[in-house]
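This report refers to the structure that appears directly beneath it.
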Amino acid sequence: MLSRRIEFAPEGDAVLLAGIPAAPAVFILRGEAGSEPYVSKTSDLKRRLTRLLSPPEEHSKRLNLRERCRTIEYSLTGSDFESGFLLYKILRQEFPRNYRDRLKLRFAPLIKLNLENPYPRAYVTRRIGRLNSTSRYYGPFASRASAEKFLNDALDFFKMRRCDFELDPDPSFPGCMYSEMKMCLAPCFKGCSDDEYRREVERVRDFLESGGQSLERELAEQREKASTELQFEAAAAIHTRMEKLHGILGATSLPEIARSMEKLNAVMVQPSAETGAVSLFKIIRGVIAEPVSFTVEEKTEVASAPGVGATKKPSPRSMESRIAECVAGISETKPASAIELNEHLAILKRWYYRSRKTGELFLTDERGEFPLRRIVRGIGRVLRGEKAETAGSDEAHRAYWLARTREEEV
């Protein structure tokens with residue numbers, strides 16, 4: 001899994017450490033067979049190994065592995081995300097029982113639409129139960145509180161149940177405050193038919209699958225109809241509901257990354273350990289694939305023209321086509337279990353919601369296509385060490401694709 005392996009002997013430490021690069025890396029120090037390895041990441045491999053393997057200072061309490069280390073394994077990395085992802089894979093292999101505790105990895109908050117229940121409901125969870133479940137999951141969110149706030153605000157537009165107990169519909173059941181306020185169809189006391197409740201669940205599912213756009217279109221049609229029929233008070237009330245909906249769908253309440261697991265597809269651009277290149281991480285349905293190095297300047301080979309003896313250079317390709325070819329060539333990584341999917345979502349969530357982070361993430365648009373032009377600009381920014389796109393530009397991008405979709409529907 002790591003690219004370099006070096007035998008270590010205390011008497012030759014000076015020469016060995018002099019050849020270690022002073023660069024970010026993930027490394028393993030192994031001792032005698034059967035002993036526990038030391039696994040870690042660092043921003044300066046040479047400095048870290050010098051501290052761990054040099055002769056210990058007298059009366060120092062610092063960890064020193066000089067007498068225990070026999071081999072050094074390491075791989076250079078270009079970013080903290082790459083280091084963290086590689087460290088996760090190594091710890092998962094070396095310490096299968098407690099690697100999550102070592103990484104302090106906490107599963108990401110998600111919204112679950114439980115479709116396996118006869119009377120489905122939506123709630124916040126931190127765990128995907130089964131990969132083949134018919135239930136739908138949406139996220140990841142920054143925190144459980146933010147996920148619950150978005151879900152509660154969104155459910156105000158629907159009449160799906162919010163209670164958490166198993167229903168056994170009984171006409172004598174008194175109901176709850178939501179049924180009293182006409183905010184629930186009340187399947188608990190047969191306040192609606194099963195078909196009516198199923199249609200309401202489908203509306204909630206469409207809302208979550210489309211990031212709220214299905215409800216926005218529905219309200220827009222209702223407002224247009226009320227205006228055409230000169231029902232201006234009703235149109236004004238619908239417009240007020242639309243303004244409330246826009247507040248719920250804003251970037252602060254519903255981040256761009258919070259979407260259905262089936263649509264959580266993206267390309268992440270990170271700095272690379274190689275000069276003039278970046279690392280591309282392809283994310284399909286929330287699972288992070290192995291990074292691929294992408295060199296910005298294409299290497300063109302000079303070829304001899306047959307029968308002439310002259311040389312001819314092949315025409316250069318556009319960055320968009322090269323990126324599309326590179327991304328298409330990355331094989332999809334399928335999780336071995338729901339636990340592994342939860343772990344990948346936790347790693348992605350930990351990076352995405354940082355106040356300061358390196359690299360950029362480009363999610364697929366409403367058509368499921370990668371935004372190649374934005375990726376090209378993002379690669380340039382990552383290479384130059386510039387700031388990523390702002391939240392406003394992400395909102396503009398989302399609005400652009402929504403407007404384009406509406407135009408084609410008309």
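The basis for the numbers below is simple: all heavy atoms, side chains too, and nothing from hydrogens, waters or symmetry mates. Counting begins at 1 with the first residue of the sequence.
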Test salt bridge (charged side-chain N to carboxylate O under 4.0 Å, His left out) on E360 and R381; report intermediate values, then the result.
CA-CA 9 Å; E360 300 191 35; R381 286 190 296 269; 2.8 Å; yes
Is it the case that over 12 heavy atoms from other parts of the model lie below 6.0 angstrom from the [atom1] atom of [X]?
X: R62; atom1: CZ; result: no
X: R68; atom1: CZ; result: no
X: D168; atom1: CG; result: no
X: R354; atom1: CZ; result: yes
X: K112; atom1: NZ; result: yes
X: R317; atom1: CZ; result: yes

Restricting to non-hydrogen atoms, name the atom on [X] and the atom on [Y] that form the minimum distance, rounded to 0.1 Å.
X: P335; Y: V287; answer: CD-CG2, 3.6 Å
X: L254; Y: G211; answer: CD2-O, 3.8 Å
X: V296; Y: R322; answer: O-NH1, 2.7 Å
X: N114; Y: N117; answer: OD1-N, 3.6 Å
X: G78; Y: P271; answer: O-CB, 3.3 Å

Between [Y] and [X], is there a side-chain heavy-atom distance shorter than 4.5 Å?
X: S75; Y: L86; result: yes
X: F158; Y: L215; result: yes
X: I72; Y: L16; result: yes

Could you go step by step and tell me if Q270 and T358 meet the side chain to side chain donor-acceptor pair (under 3.5 Å) rule?
CA-CA 7 Å; Q270 291 286 345; T358 302; 5.6 Å; no
Which word best sums up how the rings of F81 and F281 line up, parallel for under 30°, tilted for 30 to 60°, or perpendicular for over 60°?
perpendicular
For the pair R30 and E36, evaluate salt bridge (charged side-chain N to carboxylate O under 4.0 Å, His left out) and give the outcome as yes or no after the intermediate values.
CA-CA 7 Å; R30 297 188 185 275; E36 182 177 294; over 6 Å; no
Taking the six-membered ring for Trp and the single ring otherwise, decide whether the centroids of Y353 and F141 are under 6.0 Å apart.
no
Let's go through E209 and R136 carefully: what are the C-alpha distance in whole Å and the side-chain angles of both, what is the deciding distance for salt bridge (charged side-chain N to carboxylate O under 4.0 Å, His left out) to 0.1 Å, and is it a yes or a no?
CA-CA 9 Å; E209 291 287 339; R136 306 290 289 182; 2.8 Å; yes
Charged N to carboxylate O under 4.0 angstrom, [X] versus [Y]?
X: E73; Y: R4; answer: no
X: R102; Y: E94; answer: no
X: R5; Y: E7; answer: yes
X: D13; Y: R66; answer: yes
X: R367; Y: E369; answer: no
X: D101; Y: R106; answer: no
X: D153; Y: K244; answer: no
X: E200; Y: R203; answer: yes

Check the side chains of [Y] and [X] for a donor-acceptor pair under 3.5 angstrom, ignoring hydrogens and angles.
X: E274; Y: T295; value: no
X: R161; Y: S179; value: no
X: T42; Y: D44; value: no
X: Q213; Y: D206; value: no
X: Y123; Y: E148; value: no
X: E343; Y: Y99; value: yes

Does D195 form a side chain to side chain donor-acceptor pair (under 3.5 Å) with S193? I'd like the steps, not just the answer.
CA-CA 5 Å; D195 288 340; S193 66; 5.4 Å; no
